[in-house]
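For reference, the structure discussed in these notes is given below.
Counting begins at 1 with the first residue of the sequence.
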Amino acid sequence: MQARIESNQDLNKNSYLQAIADRLVTNPGAPTDWGTKNTTPANFGLAAGTTFTYELDTDKLCRLNSQNNCSLSYAEIANAAKLTNIALKISLSQLMTIDIKQTSNQTYDDRTYFGFKVATSVNSKPSSATLHCYIIAYNYKTNLTDFTTSQGTGEFTVAIPSAAADHALLVVFARASFDDRITAYAVYNFASAIQETCPGNTMLALSPLDYTLSFIENSTLTVDDVYALSFSYQQKVSSLQNSQCPIPRLVDSSPIVLVACGNNHTSYLQEWTAYPQVPLTIGARFNGGEQNVFRYLVTVNGVLYQLDLTFGDVPY
């Protein structure tokens, strides 16, 4: 009898947490446009408020990322979600994984040739994809298209002026051959020779919100150009005023990578961020306690992502 009672309690608990998770995903919150404002929502919800049930709002997601100047704290999220005795963690990730590895590096005359191998996978399974790659460096911009095979691998070589190689970024977009909605991005930093899963500690503090990119400028930091990149399009943004610039509304089922180019005193400066700012994780750390994970396949601006909502007991 006791075992049956405990089993029913667990069933009720799971149903209760599932209802909370569904509410956070399908409810836009209050006010419904809280993602575009630098205020704490009265009611927490991630939905875009469209006719699509699992369509999330780009700006609400950006406000969950700690690198955004308008980010919410975990306490503000928990209070707005009315979670008084339940711990919450929110994680959003791209469906396609892109792995970039440099395989060669040779210099001829004034150019350096870099060889790369790219691997693409969906749900840890190799997947073929079309690649669109951008190289942005000091006074040098170029792009190329390629693909990965059914084994999820591809190789290509890029040439960069040697004087600009230390400041270059390689931005790779990959689109799954079986579904255009599975489009992802990855960034390789030539200066550190590593793939960056998210921007490091930046001086410009790039913060996208409501199709506007905000950044920090002062007597030593200046931004000269901003580039908006997606799978199908690239655009240079020239209207920079009051440490802000508009983000182009590119008609493309793709995340947007924003690259800001400028100067720090007399040295060249280049930093990037994504819109929406994914991947992201915010919330409780559970520390080995009980966890109840609810996974959703959601869309953001026509792109599929994986959303995980994890609930557990509040630590004391």
Side-chain angles (χ1 to χ4, degrees), residues 17 19-50 54-94 197-216 243-244 247 255-258 271-287 291-296 298-301 303 305-315:
L17 295 177
I20 295 176
D22 289 344
R23 177 174 59 84
L24 297 182
V25 175
T26 60
N27 169 37
T32 57
D33 61 346
W34 64 263
T36 62
K37 307 186 184 305
N38 189 14
T39 57
T40 302
N43 186 20
F44 186 76
L46 297 174
T50 63
Y54 295 104
E55 172 76 18
L56 302 190
D57 186 279
T58 300
D59 295 312
K60 293 170 185 176
L61 296 174
C62 285
R63 294 200 63 195
L64 302 185
N65 195 307
S66 61
Q67 292 185 320
N68 194 292
N69 289 335
C70 297
S71 64
L72 296 172
S73 68
Y74 173 63
E76 289 174 323
I77 294 172
N79 289 336
K82 311 299 188 289
L83 300 177
T84 56
N85 59 348
I86 300 174
L88 168 67
K89 182 171 74 174
I90 303 172
S91 299
L92 188 71
S93 58
Q94 300 183 112
T197 56
C198 62
N201 295 323
T202 66
M203 290 184 286
L204 296 175
L206 301 177
S207 297
L209 202 70
D210 196 18
Y211 281 91
T212 299
L213 178 66
S214 302
F215 44 85
I216 293 175
S243 298
Q244 290 185 332
I247 299 174
I256 298 174
V257 174
L258 302 161
E271 296 182 0
W272 69 275
T273 189
Y275 189 54
Q277 288 174 286
V278 176
L280 67 86
T281 298
I282 186 173
R285 293 185 177 182
F286 300 111
N287 297 323
Q291 300 180 41
N292 299 271
V293 183
F294 300 92
R295 179 161 294 174
Y296 297 85
V298 298
T299 59
V300 184
N301 290 338
V303 179
Y305 293 88
Q306 178 179 298
L307 173 69
D308 288 345
L309 299 181
T310 305
F311 297 97
D313 295 329
V314 175

(request) Kindly say whether T58 contributes a backbone atom to a donor-acceptor pair with the side chain of K60 at under 3.5 angstrom? (result) no
(request) Spell out, as yes or no, whether a donor-acceptor pair under 3.5 Å connects the side chain of Q67 to the backbone of P199. (result) yes
(request) Applying salt bridge (Lys or Arg N to Asp or Glu O under 4.0 Å), name anything that partners R295, two or more places apart in sequence or on another chain. (result) D308
Between [atom1] of [X] and [atom2] of [Y], what distance do you get to the nearest 0.5 Å?
X	Y	atom1	atom2	value
F311	L24	CZ	CG	5.5 Å
L61	L280	CG	CG	6.5 Å
E271	L206	CD	CG	5.5 Å
D22	Y54	CG	OH	5.5 Å

(request) Go through the structure and list residues passing side chain to side chain donor-acceptor pair (under 3.5 Å) with T299, not counting sequence neighbours. (result) E55
(request) Using the test ring-ring contact (aromatic ring centres under 6.0 Å, His included), find all partners of Y211 that sit at least two apart in sequence or belong to another chain. (result) Y275
(message) List the residues meeting ring-ring contact (aromatic ring centres under 6.0 Å, His included) with F215, not counting sequence neighbours, and say none if there are none.
(response) none
(request) Run the numbers on L88 and T310 for side-chain contact (heavy atoms from CB on, under 4.5 Å), then give the verdict. (result) CA-CA 6 Å; L88 168 67; T310 305; over 6 Å; no
(request) Looking only at non-hydrogen atoms, find the nearest pair between P208 and L258 and report the distance. (result) CB-CD1, 4.2 Å
(message) Minimum heavy-atom separation for I216 and A205, please, with both atom names.
(response) CD1-CB, 3.7 Å
(message) Please identify which of these residues, T202, T212, N69, T273, meets the side chain to side chain donor-acceptor pair (under 3.5 Å) condition with S207.
(response) N69
(request) Check step by step if side-chain contact (heavy atoms from CB on, under 4.5 Å) holds for I86 and L17. (result) CA-CA 9 Å; I86 300 174; L17 295 177; 3.9 Å; yes
(request) Please lay out, stage by stage, how N65 and S71 fare under the test side-chain contact (heavy atoms from CB on, under 4.5 Å). (result) CA-CA 6 Å; N65 195 307; S71 64; 5.9 Å; no
(message) Just to verify, which of I282, T281, L64 counts as forming a side chain to side chain contact (heavy atoms under 4.5 Å, CB included) with S91?
(response) T281
(request) Please say which of L209, D59, D210 ends up in a side chain to side chain contact (heavy atoms under 4.5 Å, CB included) with C70. (result) L209
(request) Please test I20 against L83 for side-chain contact (heavy atoms from CB on, under 4.5 Å), starting from the C-alpha separation and ending with a verdict. (result) CA-CA 9 Å; I20 295 176; L83 300 177; 4.0 Å; yes
(request) Enumerate the residue pairs fulfilling ring pair (Phe, Tyr, Trp, His ring centres under 6.0 Å) with a member in residues 63-92, sequence neighbours excluded, ordered by first and then second residue. (result) none
Let me check something: any side-chain donor-acceptor pairs from residues 34-46 under 3.5 Å, sequence neighbours excluded? List them with distances.
from: W34; atom 1: NE1; to: P28; atom 2: O; distance (Å): 3.2
from: W34; atom 1: NE1; to: G45; atom 2: O; distance (Å): 3.1
from: T36; atom 1: OG1; to: D33; atom 2: O; distance (Å): 3.0
from: K37; atom 1: NZ; to: D33; atom 2: OD2; distance (Å): 3.4
from: T40; atom 1: OG1; to: E76; atom 2: OE2; distance (Å): 3.0

